[in-house]
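Here the structure is laid out as C-alpha cells; the discussion comes afterwards.
Quick caveat: nothing in here was measured; it's all calculated off a predicted structure. FYI, the numbering just counts along the sequence from 1.
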Amino acid sequence: MRVPLVLLVSFLSYTMALHSANKIPTPTHRPSKLKYLLEPPVYAEVVGRRGENATLPCILKFKPDHYKVKWTKLEPGRFGPENIVMISNAHAFKRHGRLGPRANLRRAHNMDASLQLGTLQLGDGGRYRCELINDIDDESVVVTLRIEGVVFPYQSPKGRYAMTFHEAEVACEEQDGMLASYEQLYRAWTEGLDWCKAGWLQDGSVRYPIISPRPACGAQARPGIRTYSPKDKKRDRFDAFCFTSLTAGSVFYIPGAFSLKEASGACGRRSAELALVGHLYAAWRFRGYDRCDGGWLRDGSVRFPIGAPRERCGGVPAPGVRSFGFPNKTSHIYGAYCYR
C-alpha cells in the first residue's frame with residue numbers, strides 16, 4: 001500500500017520537530033580561560049608545618065600595562081580589609097592585616113606573583129586567593145594552604161561534656177593547639193581516628209569520628225563523621241577536638257613517683273616545664289616518640305605516647321597517646337613529661 005505523499009511529508013516534519021524539542025541544547029559558548037594567570041596555579045594545595053615557610057604559587061602568563069595583584073585569605077564568616085594579606089604591582093608591594101608582617105613576594109622571575117609566608121602558625125591554614133586587577137577587569141586563582149598536624153580529642157578536667165564552645169576554644173589554646181576544622185577532623189578520620197565522644201569544632205558544629213560502629217557509638221550505621229544538630233555555643237556543653245602541629249622544642253620523660261607539683265619541680269630543675277597535651281601529641285606524631293610510662297602533663301592529666309603497640313603497653317592494637325585521665329594531683333605514682 002502506498003502512503004500518500006502529503007501524509008509522508010507531514011509525518012517526517014512532525015518527527016523532526018519532536019526530535020528538536022527533546023534534543024539537549026548545545027552550549028553556544030564555553031567558559032573562557034584565564035587570560036593573565038596560569039590555571040591551575042602549578043599546584044592547588046601547599047602543605048607546610050608550623051614554624052616552617054610556605055610559598056603559594058601565582059604565575060602570570062601575560063602582564064598588562066597597568067595592574068595590581070591582591071592576595072586575600074578566604075576565611076569563612078570573615079570579610080573585610082583584615083582579610084587582605086598583600087597588594088602589589090610591577091614595582092612595589094604593601095602588606096596588610098595580621099599575616100602581612102610574615103608575608104613577602106617570591107619574585108623568582110618577572111612573571112612571578114607568588115606569596116611567601118614565613119614562620120607558619122596553626123591559624124594560617126585555609127584558602128588564599130590571588131587576584132589580578134586590570135582596570136575594570138579582574139581574574140583570580142585559589143590556592144589551599146594545609147598545615148600538617150594532628151587532631152586530638154580533649155576533655156575538661158571537670159569531666160565529660162563540660163565545655164561551652166568558647167571554653168573549648170580556650171582549652172585547645174592552653175594545650176598548644178586550636179579547635180580543629182571539619183576538614184582536619186575528616187583527614188584524621190581517614191588516618192584512623194575513632195572516638196566515641198562528641199566535641200566542638202572550629203565552625204561551632206559538634207561531631208565525632210567513627211571507624212568501627214558499635215551499639216553505644218553509632219549503632220549499626222556506617223563508618224564516618226557523626227554530626228549533631230546545631231548547638232548553642234553559650235549553653236550546650238561538649239568535649240573538644242583540638243589541632244596542633246610540629247613544635248620547636250622537644251619532649252622528654254623523667255622517671256619517678258611524683259605528685260603533680262613534684263613533677264613540675266623535676267622539669268624545672270632541668271630548665272624545662274611540664275609538657276602540654278599538644279606537645280606530647282606533636283612529639284608522638286612528628287618525632288615518633290614512644291614511651292610506655294605514664295607521666296604527668298601540665299593540665300593535671302597523665303598520659304603516654306605509643307608508636308609501636310605491644311602487649312603490656314596500652315592494650316590497644318593501634319598507635320596513639322593513651323590517657324589515664326586526671327588522677328588525684330597528690331598521687332605519688334607517675335613520672336613527668338617535660339618540654340624544653
Side-chain angles (χ1 to χ4, degrees), residues 44-50 73-78 120-127 144-156 160-214 216-219 221-233 236-247 276-286 299 301 303 305 316 318-323:
E45 182 180 78
V46 175
V47 181
R49 294 177 177 177
R50 179 170 55 179
K73 189 172 192 289
L74 305 176
E75 299 183 275
R78 296 182 184 179
L120 293 177
Q121 299 176 5
L122 293 179
D124 292 347
R127 298 167 67 243
T144 298
L145 172 61
R146 179 168 65 85
I147 304 299
E148 188 178 4
V150 56
V151 172
F152 61 94
Y154 189 76
Q155 178 176 300
S156 167
R160 181 179 180 182
Y161 294 175
M163 294 182 289
T164 63
F165 174 77
H166 176 67
E167 289 169 342
E169 280 187 312
V170 172
C172 288
E173 291 171 1
E174 289 178 344
Q175 299 309 315
D176 191 48
M178 61 181 293
L179 275 177
S181 67
Y182 173 78
E183 291 75 16
Q184 289 163 346
L185 183 66
Y186 183 85
R187 179 177 289 274
W189 170 72
T190 67
E191 294 172 349
L193 181 59
D194 182 297
W195 195 255
C196 193
K197 295 177 184 177
W200 292 105
L201 294 181
Q202 192 179 105
D203 61 1
S205 64
V206 176
R207 309 174 193 256
Y208 62 96
I210 291 298
I211 291 177
S212 302
R214 42 222 188 257
C217 203
R222 295 180 179 180
I225 305 293
R226 304 285 188 264
T227 304
Y228 280 35
S229 59
K231 298 300 178 183
D232 189 308
K233 294 181 180 180
D236 292 320
R237 295 178 178 273
F238 294 93
D239 293 341
F241 285 105
C242 305
F243 175 80
T244 194
S245 185
L246 184 70
T247 61
L276 300 173
V277 177
H279 293 155
L280 191 61
Y281 268 92
W284 164 73
R285 177 63 179 267
F286 295 107
D299 66 340
S301 65
R303 308 174 192 254
V316 180
V321 175
R322 309 286 184 259
S323 174

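Across Lys73 and Gly125, no two heavy atoms sit closer than the pair NZ-O, 3.0 Å. Residue Val150 comes nearest to Ala282 through the heavy atom pair CG1-N, 4.5 Å, listed as atom of the first residue, atom of the second, then distance. In terms of heavy atoms, Pro223 sits closest to Ile211 at CG-O, 3.2 Å.
Going from atom CG of Asp194 over to atom CD1 of Ile210 covers 4.5 Å, rounded to the nearest 0.5 Å. Interatomic distance, OG of Ser245 versus CD of Gln121, reported as 11.5 Å (0.5 Å rounding). Atom-to-atom distance recorded for Glu167:CD and Cys172:SG is 12.0 Å, nearest 0.5 angstrom. To the nearest 0.5 Å, atom CD1 of residue Ile147 and atom CG of residue Leu120 are 4.5 Å apart. How far CD of Gln184 is from CZ of Phe241: 12.5 Å, rounded to the nearest 0.5 Å. Between the CZ atom of Arg160 and the NZ atom of Lys197 there is a distance of 5.5 Å, given to the nearest 0.5 Å.
By the 4.0 Å N-to-carboxylate-O rule, Glu183 lies too far from Arg146 to be salt-bridged with it.
Residues Phe152 and Leu280 form no side-chain contact, since every pair of their non-hydrogen atoms from C-beta on lies 4.5 Å or further apart. Annotation: side chain of Val206 is not in contact with side chain of Thr227 (no heavy-atom distance under 4.5 Å). In this structure, the side chains of Leu185 and Leu193 come closer than 4.5 Å at one or more pairs of heavy atoms. The side-chain heavy atoms of Arg285 and Glu191, taken from C-beta on, include a pair separated by under 4.5 Å. At a threshold of 4.5 Å between non-hydrogen side-chain atoms, the residues Cys196 and Arg214 count as touching. You'll find the side chain of Phe286 reaches within 4.5 Å of the side chain of Glu148, heavy atoms only. Inter-residue side-chain proximity for Thr247 and Arg50 is flagged as met; some heavy-atom pair is nearer than 4.5 Å. Looking at heavy atoms from C-beta onward, Leu276 lies out of side-chain contact with Thr244 at the 4.5 angstrom threshold.
Judged by distance alone, with hydrogens and angles left aside, the side-chain atoms of Ser323 form no donor-acceptor pair with the main-chain N or O of Arg303 at under 3.5 Å. Panel note: side chain Trp200, backbone Met163; a donor-acceptor pair is recorded below 3.5 Å. Side chain of Asp176 to backbone of His279: no donor-acceptor contact under 3.5 angstrom is found. With Asp239 contributing its side chain and Pro153 its backbone, the two residues share no donor-acceptor pair below 3.5 Å. The main-chain N or O of Leu179 is found under 3.5 Å from a side-chain atom of Gln202 such that the two form a donor-acceptor pair.
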- prompt: Please walk me through it: do Asp299 and Tyr154 pass side-chain hydrogen bond (donor to acceptor under 3.5 Å, both in side chains)?
  reply: CA-CA 11 Å; Asp299 66 340; Tyr154 189 76; 2.7 Å; yes

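For Arg127, the CZ atom counts as loosely surrounded, since its 6.0 Å shell holds 12 or fewer non-hydrogen atoms of other residues, nucleotides or ligands.
Within the structure, every pair that satisfies the ring-ring contact (aromatic ring centres under 6.0 Å, His included) test and touches residues 166-188, not counting sequence neighbours, is listed here: Tyr186-Trp189.
Among Tyr208, Tyr161, Phe165, the one residue that satisfies the side-chain contact (heavy atoms from CB on, under 4.5 Å) test with Phe238 is Tyr161.
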